[in-house]
There are 2 protein chains.
Amino acid sequence: MEITACHVAKGRPREFDTDSALTAALRVFWTKGYEGASLSDLTEAMGITRPSLYAAFGNKEALFKKTLDLYQREKLDYMGKALDAPTARGVAERLLTGALEMQMSSCDPKGCMGVINSVACGTEAESIRAEVLQRGALVKQGLIDRFERAKTEGDLPGDTDVIGLTAYLTALLQGIALQAGSGTSCTDLKALIDTSLSCWPSK
Amino acid sequence: MEITACHVAKGRPREFDTDSALTAALRVFWTKGYEGASLSDLTEAMGITRPSLYAAFGNKEALFKKTLDLYQREKLDYMGKALDAPTARGVAERLLTGALEMQMSSCDPKGCMGVINSVACGTEAESIRAEVLQRGALVKQGLIDRFERAKTEGDLPGDTDVIGLTAYLTALLQGIALQAGSGTSCTDLKALIDTSLSCWPSK
DNA sequence: TACATTATGTACCGGTCATTATGGAAATCA
DNA sequence: TGATTTCCATAATGACCGGTACATAATGTA
């Protein structure tokens, strides 16, 4: 049904590229958030009409989740790779510098798509909020597991509070995203990360 | 004009208490954000009708700024007091534990009113965002000045990057607010603060 | 009592929201 | 060619948004 790449299209072929349209939608959601992005904003940026959007992506919520997938796949890949660092400190280093590099990219919107959409808004977006929070919880759990492993490997002190350390690092990343989205300069962000790394409790 | 406490009211007296109405409005903005809070939400919580709201407070934006004043005055007073701590570490300690205590209060909404409203949303709320960001910048500047002083007093190492340290502490506070508003348990928040304090780069 | 002033409740305004029904044009198939 | 399928564009839907006229009620002053 969904995957029609193997079939030859029977009727009139689609006149726009779904991927580039999705990328355009991502930029809109990224800068304006789910509720702040109207269908007019989206269709204008995507270069398609409303019925085309609904035919191709379902509705606004489904479109958002597809852009969220794209965002995680293309923009948050450094997070997965960070967990492969040999030490806990290396993980933190890759995460912090990865977040910084992402905010330095001049062609992308500032801030974090996840952070923007995890704050409370109207009741209509409650399911959106839940979705974003759930994905964030998965990332957090990955960090907890990684730090737990670091503890057994002797990489972190045996009395380390892994929950606390994870919440601490997560808070830093969230704060970075927030400040990046609020106009904090790149030099200030770099100073933030340098300070964070100089504070990190393991070698 | 504004202060009519000395005069006897001339027309029909107001049937509701402006202060308690403002407190009710604060709770709504605090939990739903500026855009998420509709006038129906507000009037219902305040127990007044739409025209009464406009007569007493101007419009939605003016009402929001008044609730922001109330929030800063009553809920963020610990921030001003924190700057009076004798050492930089004491300042950080008071800020972090103050933020924690605030989130532990079971009768208030979770998260931070400022953080919630500093994220990007619709274009209509751009002035709101600017107002919130400006107030946040003032707080940040106060921290910078305090840490500068700590440096001259020998309380912080002479090579301390004050900008970085301030951004770092601010990021932690923002992350705490974000996680508190996202359902993170109080015990996890406490672990976050403990980890933060154990990392703090001065005695 | 008469009047000015202020607050109140009802009912409504124009505008925007996400979503969809309708209809015609265009591209594939047999 | 004819049938089928999917496209695009217009515009309508019902709900909700922030903001207001309007008439009425309650106070002060004269």
Side-chain angles (χ1 to χ4, degrees), chain A residues 1-18 20-21 24-25 28-29 32-67 117 121-128, chain B residues 1-22 25 28-29 32-67 117 121-129:
Chain A
M1 279 291 192
E2 286 288 331
I3 301 170
T4 55
C6 49
H7 292 119
V8 184
K10 295 199 65 175
R12 173 175 175 175
R14 184 170 283 133
E15 292 185 1
F16 62 92
D17 179 42
T18 347
S20 60
V28 177
F29 280 129
K32 300 195 163 194
Y34 178 76
E35 293 193 303
S38 71
L39 276 187
S40 299
D41 294 331
L42 291 165
T43 53
E44 187 186 0
M46 300 164 83
I48 63 176
T49 61
R50 278 162 137 94
S52 300
L53 188 153
Y54 277 83
F57 302 103
N59 59 8
K60 188 184 178 184
E61 183 170 344
L63 173 64
F64 177 80
K65 291 186 180 174
K66 287 192 174 69
T67 64
N117 291 288
C121 271
T123 52
E124 54 158 326
E126 201 55 43
S127 74
I128 295 294
Chain B
M1 279 292 193
E2 286 289 332
I3 302 171
T4 55
C6 49
H7 292 117
V8 184
K10 295 200 64 177
R12 175 174 174 173
R14 186 168 281 133
E15 293 184 1
F16 63 92
D17 178 45
T18 35
D19 286 341
S20 60
L22 205 61
V28 177
F29 281 129
K32 300 196 163 194
Y34 178 76
E35 293 193 304
S38 71
L39 278 186
S40 299
D41 292 331
L42 291 165
T43 52
E44 188 186 359
M46 300 165 82
I48 62 178
T49 61
R50 245 175 253 247
S52 298
L53 189 153
Y54 277 81
F57 302 103
N59 59 7
K60 188 185 178 184
E61 183 170 344
L63 173 64
F64 177 79
K65 291 187 180 174
K66 287 192 173 67
T67 65
N117 292 287
C121 272
T123 52
E124 54 158 327
E126 202 55 43
S127 73
I128 295 294
R129 188 170 128 90

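Letters A, B, ... mirror the listed sequences (proteins, then strands); counts begin at 1.
- Straight-line distance from the CG atom of B:L39 to the C1' atom of D:dT20: 12 Å, rounded to whole Å.
- In this structure, A:F64 places its CZ atom 14 Å from P of C:dT19, rounding to the nearest Å.
- Looking only at side-chain heavy atoms (C-beta outward), A:L63 and A:M46 come within less than 4.5 Å of each other.
- For B:K10 and D:dT27, the NZ to P distance is 16 Å, given to the nearest whole Å.
- Of all nucleotides listed (C:dC17, D:dA9, C:dA7), D:dA9 comes nearest to the side chain of A:P51.
- Side-chain atoms of B:T18 and B:K66, non-hydrogen and from C-beta on, never get closer than 4.5 Å to each other.
- With distances taken from any side-chain atom of A:Y54 to the nucleotides D:dA21, C:dC17, C:dT19, the minimum falls on C:dT19.
- Across the interface with DNA chain D, nearest-nucleotide mapping of A:G47 and B:S38 shows A:G47 to be the residue nearer the 5′ end.
- If you check every strand for non-hydrogen atoms under 4.0 Å, B:P13 touches sugar and phosphate atoms only.
- C:dT19 atom C1' lies 17 Å from atom CZ of A:F57, rounded to whole Å.
- Residue A:A56 is out of contact with every strand shown, counting any heavy-atom pair closer than 4.0 Å.
- Between the P atom of D:dT6 and the CD1 atom of A:I48 lies a distance of 17 Å, rounded to the nearest Å.
- Using a 4.0 Å heavy-atom cutoff across all strands shown, B:E15 reaches sugar-phosphate atoms only and no base atom.
- Two residues are said to be in side-chain contact when any heavy atoms from C-beta on lie closer than 4.5 Å; B:K60 and B:F29 meet this criterion.
- D:dG28 atom C1' lies 16 Å from atom CZ of B:R14, rounded to whole Å.
- Distance check, rounded to the nearest 0.5 Å: CZ of B:R14 to OG of B:S52 gives 8.5 Å.
- Both B:G11 and B:R50 lie near DNA chain C, and the one whose nearest nucleotide falls closer to the 5' end is B:G11.
- For A:L42 and C:dA18, the CG to C1' distance is 11 Å, given to the nearest whole Å.
- You'll find that the side chain of B:R12 is closest to D:dA25, out of C:dT19, D:dA25, D:dG18.
- One finds a side-chain N or O of A:S52 lying less than 4.0 angstrom from the OP1 or OP2 phosphate oxygen of D:dC8.
- Atom-to-atom, CE of B:M46 to P of C:dG9 comes out at 13 Å; the value is rounded to the nearest Å.
- Counting heavy atoms from C-beta on, the side chains of B:Y54 and B:L39 come closer than 4.5 Å.
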